[in-house]
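Working notes, beginning with the structure itself.
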Amino acid sequence: MSAEILYMVVPCYNEQEVLRETARQLREKYVSLIERGMISPLSRVVFVNDGSKDRTWQIISELHSEAPEFFSGIDLAHNAGHQNAVLAGLMTVKDICDMAITMDADLQDDINAIDEMVQKYYEGNQVVYGVRSARKTDTAFKRFTAEGFYKFMKVMGADVVYNHADFRLMSKRVLKELEGFREVNLFLRGLVPLIGFQSCSVYYERHERFAGESKYPLKKMLSFAVNGITSFSTKPLKLITALGFIMSVMSVLAFIWAFVAKFAGFSELGWSSLICSIWLIGGLQLFCLGIIGEYVGKIYAEVKQRPRYIIADFINDAGTDKTEE
Ligand code: UDP
Ligand code: MG
């Protein structure tokens, strides 16, 4: 078995505080993996600069010139968002690697899980999911919202691997298939399980962010969840239909009740129930329209077929292998 080429894809948005430390740790890991013959010396770490406003790209360029045999960089023309940045990286490296691992830049994912991921790849798995076994270091609020997210996703019909974020290994084969998914509203956690192939999970403990702050505040998390659900399931639309049906049945009952009330002679008492119904129906209608609007918005974004990211620069010395000389 000859060692195969591993490319790490690391999306970076304003990560100047952590980038050097991440690079140092990844380099150490690469050296040890190469020494043990687990990966080819042609393997690289690709940092994808997602339109950062700080010195992130400068640091990536420096890392590349200091050690081109380890580090490459992709500079996106604007902030395309985490998922698109990951995709930009994967699509750029899919022809020059045998396997790719995506990982956040903030060292929250355990670098030591990489060994096991690569091992599982050699055992025949095309996808290896990194799954968090503990959330001790997250705040109670983050833990609650994040775990609620996975449960809610499942109830709403978007099947995702529980407690798996975007730390995963994919083979070249899977990357080729991923290219065929053209959607603009990208939600990789839902997409990758759809592709299929033999897969497995490795477990790791999630650490605290090494430095800097989360780029996923609650607002972004919520929009991520709504995006995930509406991109993968039409269950909310079915719920609306069911709700509409129940409301119709109830309105028949209300009709009968109104008639009885009228002939029994206490119809003027009806004002409060009337006003309640108006509010209730109005609210429900707005709510349902909102959900339908979510889907219409999706269709709007998809039919435009806009590019999902724009690459301004790709620095990579794929051919050089200084360790062989
Ligand atoms: N990120 C990105 N583009 C964005 C937001 C975030 O590339 O618009 C990157 C960020 O640099 C990090 C990863 O996505 O490497 C995850 O972000 P973060 O750690 O802030 O999210 P959290 O772990 O708090 O959910
Ligand atoms: Mg993070």
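Remember, predicted model here, so these are calculated numbers, not experimental data. These values consider heavy atoms only, across backbone and side chains, with no hydrogens, waters or symmetry-generated copies. Read the numbers this way: they start at 1 and go in the same order the structure lists the ligands and their atoms.
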Worked check of side-chain hydrogen bond (donor to acceptor under 3.5 Å, both in side chains) between Gln58 and Glu62:
CA-CA 6 Å; Gln58 229 167 308; Glu62 282 164 24; 4.6 Å; no

Nearest protein heavy-atom contact for atom 23 (O) of ligand 1: which residue, which atom, what distance?
Gln108 OE1, 2.8 Å

With a 3.5 Å distance limit and no angle check, can you tell me whether Ser72 reaches the backbone of Val46 through a side-chain donor-acceptor pair?
no

Using a cut-off of 6.0 Å, state whether more than 12 heavy atoms not belonging to Arg173 lie near its atom CZ.
no

Residue, atom name and distance, where the atom is the protein heavy atom closest to atom 19 (O) of ligand 1
Asp106 OD2, 2.5 Å

Identity and distance of the protein heavy atom lying nearest atom 14 (O) of ligand 1:
His82 CD2, 3.0 Å

Are Asp115 and Lys29 within salt-bridge range, i.e. N to O under 4.0 Å?
yes

Return the closest protein heavy atom for atom 18 (P) of ligand 1 as residue, atom name and distance.
Arg209 NH2, 3.5 Å

Just which atoms of ligand 1 are under 4.0 Å from any heavy atom in Cys12?
7 (O), 11 (O)

Select one of side chain, backbone, both or neither to describe which atoms of Asn79 lie under 4.0 Å from any atom of ligand 1, heavy atoms only.
side chain

Pair Arg24 + Glu21: basic N to acidic O under 4.0 Å
yes

With respect to Ala105, determine whether any N or O atom, backbone or side chain, lies less than 3.5 Å from an N or O atom of ligand 1.
yes

Please write down residue, atom name and distance for the protein heavy atom closest to atom 11 (O) of ligand 1.
Glu15 OE2, 2.6 Å

Check this for me, if you would: do Glu66 and Arg27 make a salt bridge, where the nitrogen-to-carboxylate-oxygen distance has to be below 4.0 angstrom?
no

Could you list the atoms of ligand 1 found under 4.0 angstrom from a heavy atom of Asp50?
2 (C), 3 (N), 4 (C), 7 (O), 8 (O)

Could you tell me the residue and atom name of the protein heavy atom closest to atom 6 (C) of ligand 1, and the distance to it rounded to 0.1 Å?
Lys215 CB, 3.8 Å

Looking at Arg44, is its backbone amide N or carbonyl O close enough to the side chain of Tyr30 to form a donor-acceptor pair, meaning the two atoms are under 3.5 Å apart?
yes

What are the atoms of ligand 1, with element, lying closer than 4.0 Å to any heavy atom of Gly81?
3 (N), 8 (O)

Identify, by name, the N, O or S atom of Asp106 lying closest to the Mg ion (ligand 2).
OD2

Minimum-distance protein heavy atom relative to atom 25 (O) of ligand 1:
Lys142 NZ, 3.3 Å

Hey, does Pro11 come in under 3.5 Å of ligand 1, counting only N/O atoms on both sides?
yes

Within a 6.0 Å radius of atom OH on Tyr295, are there more than 12 heavy atoms belonging to other residues, nucleotides or ligands?
yes

Protein contact to atom 24 (O) of ligand 1 [nearest heavy atom, distance to 0.1 Å]
Ser214 OG, 2.5 Å

Once you round to the nearest 0.5 Å, how far does CZ of Phe181 lie from CG of Leu186?
11.0 Å

Scan Asp317, Val45, Asn316, Val10 and name whichever one has a side chain to side chain contact (heavy atoms under 4.5 Å, CB included) with Phe71.
Val45

